[in-house]
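We name chains A, B, ... by the order of the sequence lines, and we start the count at 1 in each one.
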Amino acid sequence: MSITVKYFASLREQMGTGEVRLDTSAATTVGEAWQQATDGADLPANLLMAVNMEYVDAHHKVQDGDEVAFFPPVTGG
Amino acid sequence: MSITVKYFASLREQMGTGEVRLDTSAATTVGEAWQQATDGADLPANLLMAVNMEYVDAHHKVQDGDEVAFFPPVTGG
Amino acid sequence: MHIEIRTGQFDPYVEVSRYQRTTLNLPGQYGATAVFVGSMRDFNAGDSVQAMHLEHYPGMTERYLEKISAQAASRWDILDSLIIHRVGELRPDDPIVLVAVWAAHREAAFDASRYLMEELKSRAPFWKKETLPDRSRWVTRADE
Amino acid sequence: MHIEIRTGQFDPYVEVSRYQRTTLNLPGQYGATAVFVGSMRDFNAGDSVQAMHLEHYPGMTERYLEKISAQAASRWDILDSLIIHRVGELRPDDPIVLVAVWAAHREAAFDASRYLMEELKSRAPFWKKETLPDRSRWVTRADE
């Protein structure tokens with residue numbers, strides 16, 4: 001299955017891209033998607049995660065076609 | 001000594017006047033001034049009192065020339 | 001720090017903008033502005049209200065509003081505050097009171113503006129008399 | 001209930017007035033309006049700030065702001081709310097965020113406006129990057 005992975009703000013700059021497509025096996029969690037996208041890097045403790053624009057935790061299962069986003073703590077307002 | 005007594009809002013209407021001059025003996029309290037001004041009426045429990053535009057209680061001593069005000073609970077804002 | 005009693009209608013948002021630009025005049029310093037506007041409703045305690053007379057104690061009102069403004073400035077780290085309160089004859093939808101507080105950070109602005117409104121409502125010497133279709137009445141604390 | 005992301009400068013007080021007159025349009029029903037405006041400061045975490053870039057997650061931002069607006073409307077007895085948030089390139093003194101809440105009574109307006117700001121600050125996907133005299137940096141939660 002195929003998912004879209006998005007990065008924002010300082011994480012986007014670190015990754016050098018705002019968006020990648022990831023082909024992955026079924027039954028993947030958000031945490032596993034992070035590791036696949038980053039060649040096995042640990043998930044930073046304060047990273048925020050969303051699937052299809054709703055906050056989730058690292059154990060959330062991703063589905064084919066999902067948009068998975070990773071980003072640092074927010075600083076709006 | 002002589003003091004000015006002011007009434008506001010519903011109390012002003014009940015009294016039929018917004019201001020009276022009261023000639024009184026020395027060492028009068030605000031509560032005693034109320035009784036003199038009203039021919040001995042009890043001080044209503046929720047009445048507010050000010051001397052020279054600062055909140056006081058009924059035991060506050062009035063001085064010659066003071067402006068003593070009585071009024072109902074406030075409803076501004 | 002500015003307080004004002006107004007006998008005529010005022011636009012609270014025009015007042016906030018003007019004060020911020022001409023009197024506060026601290027561009028880049030305030031990160032937070034908390035504004036409260038109280039307006040006249042056409043309905044209160046189960047009755048239709050057609051007009052309102054707002055009485056005050058001239059002199060004591062100003063003194064009291066200055067006092068609570070100074071207290072807010074000493075309790076919270078704020079840059080400035082503005083209070084405007086209407087008196088006289090009002091119509092429904094007329095603004096009654098404006099409280100605005102400028103601060104570097106939002107917590108102080110929120111806390112101080114609410115403090116000013118609560119102190120104003122509880123002790124500032126203003127009294128409302130409502131005109132109902134068939135009579136008029138003084139508003140009591142329980143009505144509000 | 002209205003939320004909006006703006007790429008250009010806006011005047012929060014003009015926006016509140018316009019929304020109140022044209023969209024809310026409930027004269028005589030709101031006794032209380034609580035407004036919060038967040039503005040760009042020219043100083044943060046000990047440094048002079050010359051400009052700011054505000055990044056957001058298009059789509060998720062709107063969804064999140066609509067969600068907290070609906071939550072505020074279900075938790076408090078309010079008539080309406082308005083949120084406008086700026087994105088893109090900002091200069092010091094530019095308004096960043098406007099939150100306005102209309103209610104019959106002040107408690108609900110105060111509580112709901114503060115709730116909206118706290119939820120927005122803690123979870124709405126916006127990120128600030130500051131331009132300092134000699135470099136740029138992403139703002140972190142600890143800086144604010």
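With a threshold of 4.5 angstrom between heavy atoms, D/His53 does not approach chain A through any atom at all. Using a 4.5 Å cut-off between heavy atoms, A/Ala9 touches chain D through backbone and side chain atoms alike. Heavy atoms closer than 4.5 Å to chain A are found in the backbone of D/Ser122, but not in its side chain.
Summarising the local packing, CG of D/Asp11 is surrounded by more than 12 heavy atoms from other residues, nucleotides or ligands at distances under 6.0 Å. Counting heavy-atom neighbours within 6.0 Å of A/Arg12 CZ, excluding the residue itself, gives a total above 12.
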Derivation of the side-chain contact (heavy atoms from CB on, under 4.5 Å) call for A/Lys6 and D/Tyr57: CA-CA 9 Å; A/Lys6 291 194 166 202; D/Tyr57 183 172; 4.2 Å; yes
Could you go through the side-chain contact (heavy atoms from CB on, under 4.5 Å) check for A/Glu54 and D/Met60 one step at a time? CA-CA 7 Å; A/Glu54 295 283 348; D/Met60 182 167 174; over 6 Å; no
Between A/Met53 and D/Tyr64, does the side-chain contact (heavy atoms from CB on, under 4.5 Å) criterion hold? Intermediate values first, please. CA-CA 8 Å; A/Met53 302 184 179; D/Tyr64 182 81; over 6 Å; no
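Heavy-atom neighbours of chain D within the stretch residues 61-71 of chain A, taken at a separation under 4.5 angstrom, comprise A/Glu67, A/Ala69, A/Phe71.
Nearest heavy atom pair, residue A/Pro73 against residue D/Arg141, reads CB-CG, 3.6 Å.
The structure places CG of A/Leu48 at 6.0 Å from CZ of D/Arg123, a figure rounded to the nearest 0.5 Å. How far OG1 of D/Thr140 is from CG of A/Asn46: 10.0 Å, rounded to the nearest 0.5 Å.
Checking side-chain atoms of D/Trp127 against main-chain N and O of A/Ser10 turns up no donor-acceptor pair under 3.5 Å. Judged purely by atom type and a 3.5 angstrom limit, D/Lys121 has no side-chain atom pairing as donor or acceptor with the backbone of A/Val74.
Highest contact tally toward chain A, considering only D/Lys67, D/His85, D/Arg63, D/Lys129, is held by D/Arg63 [criterion: heavy-atom pairs under 4.5 Å].
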